[in-house]
Asker: 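Can you keep this structure in mind? I'll have questions shortly.
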Amino acid sequence: MSGPDGRSAEADPTLILSMTLRIEQDIFVVRQRGREVADAVGFEHQDQIRIATALSEVGRLLLSCGGPADVAFFAQTGGLRPALRIEVRPAAAVRVGDLPGGHLAAVGRLVDTLEMDDDETAMVVRMSRRFPATAPSPGPERIAELRAELEASLPGTPLDELAVQNEQLLTALEQVRTHRDHLARLNEELEETNRGVMALYGQLSEELEETNRGVVALYAELDEKSSQLRAASEAKSRFLANVSHELRAPVTAIIGLGRLMADPASDPLTPEQTTHVELIRSSAADLLSLVNDLLDLAKAESGRIEPNWSDVDLRMVFGQLRGTLRALSTPDVRLEVEDPPAPSVIRSDEVLLTRVLRNLLHNGLKFTESGEVRMRAETVAGGWRVSVVDTGPGIPAELHQRIFEEFYQVPGTAKAGTGLGLPYARRLAGLLGGSLELTSEPGRGSTFTLVLPVAGDGA
Ligand code: ADP
């Protein structure tokens with residue numbers, strides 16, 4: 001057997017085997033040889049069958065159209081796509097146009113490429129299949145070896161090839177059955193998984209719904225509790241306001257009666273009676289100041305205090321406070337009220353503002369044993385900071401919030417008072433659109449800072 005076009009002499013592609021297809025029985029031989037060559041160069045079983053089938057189909061077609069044909073197998077080892085190439089050339093002058101169309105398209109799917117060309121004398125069918133990635137493409141020595149092996153081996157009879165083909169068919173059928181069973185099993189598993197997912201989904205939705213119901217109920221309860229709390233706080237403020245108001249008249253009467261009894265124009269009292277009446281009067285005065293503080297706080301809490309907005313000159317307010325509180329300074333404690341920088345007009349309520357500052361100065365003077373109490377004001381972005389700084393005992397950090405709670409007094413500060421002044425002052429600061437803060441350390445005095453916006457009413 002020789003190469004169909006003398007290409008066997010070329011280095012690449014290298015001829016592995018060539019043969020001639022003369023009669024119908026040869027198709028079986030060609031098929032068998034195709035399988036053997038494919039096996040020899042490393043194709044796996046399935047690919048061997050594909051290549052052999054494609055080759056026998058092409059051979060059958062050409063034989064039926066134009067008689068004998070030459071078949072040659074080449075190894076294409078160079079280039080980007082090392083592949084097994086097969087060429088089939090009819091001996092007679094058959095042209096591509098003589099072949100019935102359509103059939104070879106299906107055959108083409110069994111290999112990587114399948115082309116048909118006419119050259120000067122006849123047509124040629126070329127097909128190729130890339131060498132498998134797992135087997136290295138054979139080198140020249142290996143090809144020479146293969147060629148020798150294949151030439152030495154005698155092709156079997158058509159009956160042998162038929163038996164092999166039957167066996168392959170059975171194997172293919174078995175594989176199809178296994179695949180089908182596998183697919184059925186997979187389908188079953190998928191269905192089961194789907195059922196599981198649906199069940200899980202249902203369970204999750206139920207849990208979610210239940211959680212949602214819980215959250216809704218919780219919110220309803222929370223709403224109810226906060227409206228109860230609001231109602232309780234309003235009731236407390238109303239109660240304080242009413243009680244304080246009702247107490248004011250009798251306490252004032254007691255003070256008045258005490259004053260009358262101590263009056264020199266009244267019947268003379270024994271010294272002991274005078275002491276008692278004095279005690280009654282001072283207790284009643286303390287009670288009256290408590291009642292007044294309570295009433296103020298209750299009013300501020302109930303929101304019934306509506307600031308009376310007007311232009312307030314801080315210098316004037318500072319001047320008045322300096323005048324009224326001067327009497328409280330002692331040789332040991334100086335009161336220093338610095339003049340605010342001009343212009344010092346802000347939008348505020350003069351009466352409420354004066355009350356807050358008086359309260360702070362009053363506390364400073366009350367708790368400071370020696371040194372000074374100083375009030376000063378400075379402008380900050382969008383407002384003013386008014387600080388009341390004293391050299392008093394100072395307040396531990398953990399009590400900085402508590403002293404703003406009603407009735408709270410720092411233990412050990414045995415001074416007359418109700419513990420209502422600071423909560424009241426903070427409420428008023430809020431009503432004026434500002435805030436009241438404290439920085440203090442025990443032994444280093446206290447600084448109460450009132451921050452006020454320039455336009456407290458937002459004007
Ligand atoms: P009161 O002065 O009537 O006791 P306040 O609400 O004004 O009530 O103050 C609460 C407590 O805060 C005071 O009892 C005192 O213990 C502490 N306190 C307030 N101001 C000062 C201050 N300048 N220096 C030290 N302690 C203070």
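When a ligand or atom number is given, it counts from 1 through the structure's own listing order.
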Asker: Test of understanding: given a 4.0 Å heavy-atom threshold, classify the contact between Leu360 and ligand 1 as side chain, backbone, both, or neither.
Answerer: neither

Asker: Numbering the atoms of ligand 1 from 1, which are under 4.0 Å from a heavy atom of Lys366?
Answerer: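 Matching atoms, with element in brackets: 1 (P), 2 (O), 3 (O).
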
Asker: Going by the angle between their ring planes, with limits at 30° and 60°, are Phe404 and Phe448 parallel, tilted or perpendicular?
Answerer: perpendicular

Asker: Suppose I only count heavy atoms of Ser446 and a 4.0 Å limit; which atoms of ligand 1 are within that range?
Answerer: 24 (N)

Asker: Is a donor on one side and an acceptor on the other found under 3.5 Å between the side chain of Thr275 and the backbone of Pro271?
Answerer: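 Checked: pair present.
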
Asker: To the nearest 0.5 Å, what is the distance between CD on Glu406 and CG on Leu297?
Answerer: 5.0 Å

Asker: Side chain, backbone, both or neither: which part of Tyr408 has a heavy atom under 4.0 Å from ligand 1?
Answerer: backbone

Asker: Within the structure, is a non-hydrogen atom of Gly392 found at a distance of less than 4.0 Å from ligand 1?
Answerer: no

Asker: Who's closest to atom 15 (C) of ligand 1 heavy-atom-wise, of Phe404, Phe448, Phe367, Tyr424?
Answerer: Phe367

Asker: Determine yes or no for a side-chain-to-main-chain donor-acceptor pair under 3.5 angstrom, with Ser128 supplying the side chain and Leu84 the backbone.
Answerer: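 Here the side-chain-to-backbone pair does not exist.
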
Asker: Treating Ser387 as the side-chain partner and Val389 as the backbone partner, does any N or O pair qualify as donor plus acceptor under 3.5 Å?
Answerer: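 Checked: no pair found.
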
Asker: Determine, considering heavy atoms only, which of Asn363, Val410, Asp390 sits nearest to atom 23 (N) of ligand 1.
Answerer: Asp390

Asker: In Å and rounded to the nearest 0.5 Å, what is the CZ to CD distance from Arg130 to Gln76?
Answerer: 12.0 Å

Asker: Pro423 versus ligand 1: do any nitrogen or oxygen atoms come within less than 3.5 Å of each other?
Answerer: no

